Engineer: 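I'd like to ask some things about the structure below.
By convention in this document, chain letters (A, B, ...) are assigned in the order of the sequence lines, proteins followed by strands, and residues within each chain are numbered from 1. Being a predicted model, the structure only gives us computed values, none of them experimental.
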2 protein chains.
Amino acid sequence: MKDPDIGAVARETGLATSTLRYYEEIGLITSSGRKGLRRLFDPGIYERLALISLGRNAGFSLKEIGAMFAQDGNPRIDRAQLHDKADELDRLIRRLRAMRDGLRHAAECPAPSHLECPTFQRLLKAASADAKRGKSKRK
Amino acid sequence: MKDPDIGAVARETGLATSTLRYYEEIGLITSSGRKGLRRLFDPGIYERLALISLGRNAGFSLKEIGAMFAQDGNPRIDRAQLHDKADELDRLIRRLRAMRDGLRHAAECPAPSHLECPTFQRLLKAASADAKRGKSKRK
DNA sequence: GCTTGACCTCAAGTTCACTTGAACTCGTAA
DNA sequence: TTACGAGTTCAAGTGAACTTGAGGTCAAGC
């Protein structure tokens, strides 16, 4: 497996080349060298990008993700931080579940207006309470 | 209950006054009138803001949320749309659940490096596959 | 030898969801 | 009467995560 160039990495991962350059610019990834002008990447880039993907999926910012790598490039993941994030996801999931059920219910609810449906009202109350006490961290 | 001014709404909902003005500017809410310069809001604003909160919680953009209201201000009852959103949420929830479990596992995993843990590897693979096939809609 | 396509740099632009700042107007309380 | 606090407008700024555009380089194929 020869060191892939940016196009190969892009094809393999589904990321835009501009995104890869951007990631390099902010220090999230590094290219292993050049062949002429063109960047070459170490095959390990795929694992790294997968980790980044994982972090993004879990709702970490690129900055946070960057902080999770040690200088050697290996993940340096703080177990407590992982637990926190898992808990945060848990809360998010609960909220989303309520929302999903609410939507489904609303789609079937025979009340003349959703606003008159008690289930929907309960949902609304929960949401505004959520908004009031502390921001949800979710953008 | 007199029509609340912007400060009252802000206190009640936990939203910044600038946010409320912004929401009005983009047409997401309307003020019912003025008393001198000051906006007054119809008490129904609370319900509306709760709906908006609900939508935000579920990960909808302000634009999408706006589209969910009919011109009369009532939530629009496009049952098919609601079902679609619910299904979309379902998929999101499944992904997040996997992620949460993975994070939890990683936090406890005794493998010397996360990269050597099979569960973590599975997670990585899933994340990069996710990234590859279509964007996740989740910012 | 020329064109093409994939790469390069660097600066600037984009979208989202707000926030901030400057300059102004009120109503109320001291 | 003056000072204040809370409201107002409008334009500009913010930060995250990219994308786009202009202008340039280079190897390969016709």
Engineer: Name the pairs: protein N/O against N/O of nucleotides 18-28 of chain D, kept only if under 3.5 Å.
Structural biologist:
{"from": "D:dC18", "atom 1": "OP2", "to": "A:Y23", "atom 2": "OH", "distance (Å)": "2.8"}
{"from": "D:dT19", "atom 1": "OP2", "to": "A:S18", "atom 2": "OG", "distance (Å)": "2.6"}
{"from": "D:dT19", "atom 1": "OP2", "to": "A:T19", "atom 2": "OG1", "distance (Å)": "2.6"}

Engineer: For the pair made of CZ in A:F60 and P in D:dA16, what is the distance, rounded to whole Å?
Structural biologist: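 So the two atoms are 16 Å apart, to the nearest Å.
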Engineer: Rounding to an integer number of Å, can you tell me how far B:L20 CG sits from C:dA17 P?
Structural biologist: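 Rounded to whole Å, this separation is 16 Å.
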Engineer: Identify whether any heavy atom of B:R34 sits under 4.0 Å from a base atom; if not, whether one sits that close to sugar-phosphate; answer base, sugar-phosphate or nothing.
Structural biologist: sugar-phosphate
Engineer: Under the 6.0 Å and 45° cation-pi test, does B:R48 pair with B:F41?
Structural biologist: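 That pair does not qualify as a cation-pi contact.
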Engineer: Just jot down the side chain to side chain donor-acceptor pair (under 3.5 Å) partners of B:T119, sequence neighbours excluded, or say none.
Structural biologist: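 Listed in chain order: B:H105.
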Engineer: D:dA16 P sits how many Å from A:I26 CD1, rounded?
Structural biologist: 10 Å
Engineer: Identify, with sequence neighbours excluded, every residue that meets side chain to side chain donor-acceptor pair (under 3.5 Å) alongside B:R104.
Structural biologist: A:D87, A:D90
Engineer: To the nearest 10°, give me the bend of the helix from C:dG1-D:dC30 to C:dA30-D:dT1, comparing the axes of its five terminal pairs at either end.
Structural biologist: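 It comes to 30° between the two terminal axes.
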Engineer: With B:E47, which residues qualify under salt bridge (Lys or Arg N to Asp or Glu O under 4.0 Å), at least two apart?
Structural biologist: none
Engineer: In chain order, what residues pass the side chain to side chain donor-acceptor pair (under 3.5 Å) check against B:E108, with sequence neighbours excluded?
Structural biologist: A:H83
Engineer: Kindly write out the residues that satisfy side chain to side chain donor-acceptor pair (under 3.5 Å) with A:Q121, not counting sequence neighbours, or none if the list is empty.
Structural biologist: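 So A:Q121 forms no side chain to side chain donor-acceptor pair (under 3.5 Å) with any residue.
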Engineer: Taking atom P of D:dA17 as reference, at what distance in whole Å does atom CD1 of A:I29 sit?
Structural biologist: 15 Å
Engineer: NA contact type, A:I6, heavy-atom cut-off 4.0 Å: base, sugar-phosphate, or nothing?
Structural biologist: sugar-phosphate
Engineer: Ignoring backbone atoms, test whether A:R39 places a side-chain nitrogen or oxygen under 4.0 Å from the OP1 or OP2 oxygen of C:dC8.
Structural biologist: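 True: A:R39 side-chain N/O within range (under 4.0 Å) of C:dC8 OP1/OP2.
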Engineer: Suppose we screen for side chain to side chain contact (heavy atoms under 4.5 Å, CB included). Which residues come up paired with B:S53, at least two apart in sequence or across chains?
Structural biologist: A:A127, A:A131
Engineer: I'd like a table of donor-acceptor pairs (distance under 3.5 Å, sequence neighbours excluded) in which one partner is a side-chain atom from residues 7-23 of chain A, with atom names and distances.
Structural biologist:
{"from": "A:R11", "atom 1": "NH1", "to": "A:G7", "atom 2": "O", "distance (Å)": "3.4"}
{"from": "A:T13", "atom 1": "OG1", "to": "A:V9", "atom 2": "O", "distance (Å)": "2.8"}
{"from": "A:T13", "atom 1": "OG1", "to": "A:L15", "atom 2": "N", "distance (Å)": "3.2"}

